[in-house]
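Here's the structure we're looking at; comments come further down.
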Amino acid sequence: GILDRLLTSARSVVRVRRTGAIEGDSTEAVIARMEVALKAGDLKGVLTEDQGLKGAAKTAAEPWLTRIAARLSPSSGCSELQRLRALHLR
């Protein structure tokens, strides 16, 4: 009946995933650990955990991971300081 259709529809929209420091090498586990590292401000930890991503998950995360790697680059810190200094001098 209508209740079955509503439940089926809800199941197709809602996805439950585990979070936290999950052990294992599944995509879900790797992403959960990356999320923990990100929430802790540990960008190096995010990049360490991303080594466990494979296939489509790795491809999808690549632009985001590239930006994280750039933030950790010493030259990006200098560029940001120069940009802020230029704004201050105006």
Side-chain angles (χ1 to χ4, degrees):
I2 187 113
L3 184 57
D4 289 330
R5 284 186 285 185
L6 285 172
L7 285 173
T8 300
S9 179
R11 285 185 188 123
S12 71
V13 175
V14 176
R15 181 165 187 267
V16 177
R17 70 177 177 85
R18 298 179 344 188
T19 60
I22 301 169
E23 299 213 11
D25 60 358
S26 70
T27 299
E28 180 182 35
V30 172
I31 290 173
R33 290 191 304 270
M34 288 171 66
E35 183 178 25
V36 168
L38 184 62
K39 285 181 179 179
D42 180 9
L43 298 182
K44 287 182 182 179
V46 172
L47 294 178
T48 298
E49 288 296 341
D50 96 289
Q51 300 303 309
L53 288 177
K54 298 171 189 80
K58 181 120 180 129
T59 301
E62 198 62 41
W64 180 70
L65 294 168
T66 299
R67 288 194 308 264
I68 289 177
R71 288 196 73 172
L72 290 173
S73 167
S75 62
S76 71
C78 291
S79 298
E80 181 66 11
L81 286 174
Q82 289 171 345
R83 185 186 72 78
L84 291 172
R85 184 171 181 227
L87 288 173
H88 181 70
L89 294 176
R90 287 184 184 172

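In this text, all values refer to a predicted model and were calculated from it rather than measured experimentally. Quick note: numbers below take in every heavy atom, side chains included, and nothing from hydrogens, waters or symmetry partners.
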May I have the list of side-chain donor-acceptor pairs in residues 41-57 shorter than 3.5 Å, sequence neighbours left out?
| unit_1 | atom_1 | unit_2 | atom_2 | d |
| --- | --- | --- | --- | --- |
| Asp42 | OD1 | Gly45 | N | 2.8 |
| Thr48 | OG1 | Lys44 | O | 3.0 |
| Glu49 | OE1 | Arg33 | NE | 2.8 |
| Glu49 | OE1 | Arg33 | NH2 | 3.3 |
| Glu49 | OE2 | Arg33 | NE | 3.4 |
| Asp50 | OD2 | Lys58 | NZ | 3.2 |
| Gln51 | NE2 | Leu47 | O | 3.4 |
| Lys54 | NZ | Gly52 | O | 3.3 |

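- Contact annotation: the side chain of Lys39 approaches that of Glu35 to within less than 4.5 Å [non-hydrogen atoms, C-beta and beyond].
- In this structure the side chain of Ile68 never reaches within 4.5 angstrom of the side chain of Met34, judged on heavy atoms.
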